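One structure is given here, and the rest of the page talks about it.
For clarity, every value in this text was computed on a predicted model and none was experimentally measured.
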Amino acid sequence: MSQKLIFYYSLLICSISYGQIGGKHTYEFLNLVTSPRQAALGGKTITIYDEDVNQALFNPASINTEMHNRLSLNYGNYYQEVTYGTASYAFTYDQHVQTFQAGINYINYGKFDGYDENGLPTNSFTGSEIALSLGYAYNIPYTDIHLGANAKLIQSTLENYNSLGGAIDLGMVYIDEKNDVNWALTLMNIGTQFTTYDGTTEQLPFEIIAGVSQELEHVPLRWHLTIENLQQWDLSFSNPVNSQTSPDGTVTEEKVSFFNNALRHMILGAELFPKKAFNIRLGYNFRRGQELQIQDQRNFSGISLGFGLKLNKLKLNYSYSKYTLAGNTSLFGLVINFGE
């Protein structure tokens, strides 16, 4: 690829992948949180098990008959011209075969000005990526354990470079109905490139996520705890802003504690009135908050909030997520129930 294209693509990937763990793999757009409900709860919430057809894109084990004949459409606008969105639809074939889910995930990086190695302007170009998925879940007989899988076909176009790849997601949900507790585990983006951009094979953003959630008995609230990036323990980095310089000029880098690094794996979320027509959601992503914080200034990075409103056959969802003073995101979503 040209140096100009590599620079822009790396900049975008680092921006949308929550900082320091991003930018190391290809098809990083697969890590985008594209559901307003997910974003409002902090992202990567894998313990939701209800009629929300969006959830199948985050944990295929959540696919169930309540999603039958529901279509979700989500849209978000990132920095400058970058836009992205998803669509998801589920259909129950019969009580024996049960439910299949199909989804699409895309991102458009907008228009770029092209330059050659001498800095002279050339033709403008664009970049976009898309993933098509098909999912299915299975309830192990006589148990409360649900297993699921998504198969994804991925296509990426960056200027005149193209790549095609494939991946699968594996998920599990255990539903403790007596205590109203859900336990979940997912292995995301297990796959490879079928064709590369320029002959170099790159790794996909594989991730292991675990989670637990519970709806309180006397309060209409369900809390969610997600532990992300279990495949990589050390998520910390030394922030140059927090380094110290001694009188003799020696620079001492910031030391991230064991506890601080452990917190960077955690995401907390809560949903008020989860089974009602109107829902209020709040989340906090510890890693985002740590990586995007500004020294001696409170900017509330890592906080997200949103709501859901059901109107007959329609469910409207909205989320607002704090990243930095210069860039925050809003997501809009619509779920249509064709079955009612």
Please check if the side chain of [X] supplies one atom and the backbone of [Y] the other of a donor-acceptor pair under 3.5 Å.
| X | Y | result |
| --- | --- | --- |
| Asn31 | Phe29 | no |
| Thr195 | Leu164 | yes |
| Asn118 | Leu120 | no |
| Asn328 | Tyr323 | yes |
| Asn189 | Pro205 | yes |
| Ser304 | Ala40 | yes |

Treating Ile, Leu, Val, Met, Phe, Trp and Tyr as nodes and any side-chain heavy-atom pair under 4.5 angstrom as an edge, say whether [X] and [Y] lie in one connected cluster.
| X | Y | value |
| --- | --- | --- |
| Leu132 | Tyr27 | no |
| Leu305 | Trp223 | yes |
| Trp183 | Leu170 | yes |
| Ile104 | Leu71 | no |
| Phe338 | Leu316 | yes |

Review point. Stepwise, does the side-chain hydrogen bond (donor to acceptor under 3.5 Å, both in side chains) test hold for Thr99 with Thr92?
Key: CA-CA 4 Å; Thr99 307; Thr92 301; 2.8 Å; yes

Review point. Do Asn108 and Thr83 pass the side-chain hydrogen bond (donor to acceptor under 3.5 Å, both in side chains) test, and can you show the C-alpha distance, the side-chain angles, and the key distance before you say yes or no?
Key: CA-CA 5 Å; Asn108 189 324; Thr83 59; 5.1 Å; no

Tell me, do [X] and [Y] make a side-chain contact under 4.5 Å, heavy atoms counted?
| X | Y | value |
| --- | --- | --- |
| Leu331 | Tyr75 | no |
| Gln193 | Glu202 | yes |
| Tyr49 | Thr47 | no |
| Arg222 | Leu216 | no |
| Tyr109 | Leu158 | yes |
| Asn261 | Leu235 | yes |
| Ile154 | Leu30 | yes |
| Val212 | Val181 | yes |

Verify the distance criterion only: is there a donor paired with an acceptor across the side chains of [X] and [Y] at less than 3.5 Å?
| X | Y | value |
| --- | --- | --- |
| Gln55 | Gln38 | yes |
| Asn337 | Lys310 | no |
| Arg287 | Asn285 | no |
| Asn229 | Gln231 | yes |
| Tyr161 | Thr196 | no |
| Glu28 | Thr26 | no |
| Asn162 | Thr157 | yes |
| Thr122 | Asp116 | no |

Exercise for review: Assess whether atom OH of Tyr93 is packed by more than 12 heavy atoms of other residues, nucleotides or ligands within 6.0 Å.
Suggested key: no

Exercise for review: Count the heavy atoms of every other residue, nucleotide or ligand shown that sit under 6.0 Å from CG of Asn123, and state whether that count exceeds 12.
Suggested key: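 Atom CG in Asn123 is not crowded, with 12 or fewer foreign heavy atoms closer than 6.0 Å.
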
Distance in Å, [X] [atom1] paired with [Y] [atom2], rounded so as to fall on 0.5 Å steps:
| X | Y | atom1 | atom2 | result |
| --- | --- | --- | --- | --- |
| Ile190 | Thr186 | CD1 | OG1 | 9.5 Å |
| Ser133 | Lys152 | OG | NZ | 7.0 Å |
| Thr226 | Ile209 | OG1 | CD1 | 7.5 Å |
| Asp234 | Arg264 | CG | CZ | 9.0 Å |
| Gln98 | Met67 | CD | CE | 12.0 Å |
| Asp113 | Ser124 | CG | OG | 6.5 Å |

Practice item. List the steps, then state whether side chain to side chain contact (heavy atoms under 4.5 Å, CB included) holds for Lys315 with Asn279. Key: CA-CA 11 Å; Lys315 182 68 177 286; Asn279 326 112; 3.0 Å; yes

Practice item. Decide, yes or no, whether a salt bridge links Glu271 with Arg37 under the criterion of side-chain N to carboxylate O below 4.0 Å. Key: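 Yes.
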
Check your understanding: With the threshold set at 4.0 Å, does a side-chain nitrogen-carboxylate oxygen contact exist between Glu207 and Lys44?
Key ->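 Salt bridge: yes.
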
Review point. Among Phe307, Tyr84, Tyr318, which residue meets the ring pair (Phe, Tyr, Trp, His ring centres under 6.0 Å) test with Phe332?
Key: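 The residue from Phe307, Tyr84, Tyr318 that satisfies ring pair (Phe, Tyr, Trp, His ring centres under 6.0 Å) with Phe332 turns out to be Tyr318.
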
Point to revise | Among Phe286, Phe258, Trp233, ring pair (Phe, Tyr, Trp, His ring centres under 6.0 Å) partner for His265 | key: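 Answer to the ring pair (Phe, Tyr, Trp, His ring centres under 6.0 Å) test with His265 among Phe286, Phe258, Trp233: Trp233.
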
Exercise for review: Tell me, with the steps shown, if His25 and Phe206 meet ring pair (Phe, Tyr, Trp, His ring centres under 6.0 Å).
Suggested key: CA-CA 9 Å; His25 309 94; Phe206 169 71; 9.3 Å; no

Check your understanding: Can you say whether the rings of Phe91 and Tyr89 are parallel (under 30°), tilted (30 to 60°) or perpendicular (over 60°)?
Key ->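 Geometry flag for Tyr89 against Phe91: parallel rings.
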
**Study point:** Identified side chain to side chain donor-acceptor pair (under 3.5 Å) partner of Ser72 from the options Thr34, Asn54, Asp52
**Key:**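 Among Thr34, Asn54, Asp52, the one meeting side chain to side chain donor-acceptor pair (under 3.5 Å) with Ser72 is Asn54.
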
Practice item. Begin from the C-alpha positions of Glu51 and Arg70 and carry the test side chain to side chain contact (heavy atoms under 4.5 Å, CB included) through to its verdict. Key: CA-CA 8 Å; Glu51 75 281 356; Arg70 294 176 191 264; 3.6 Å; yes

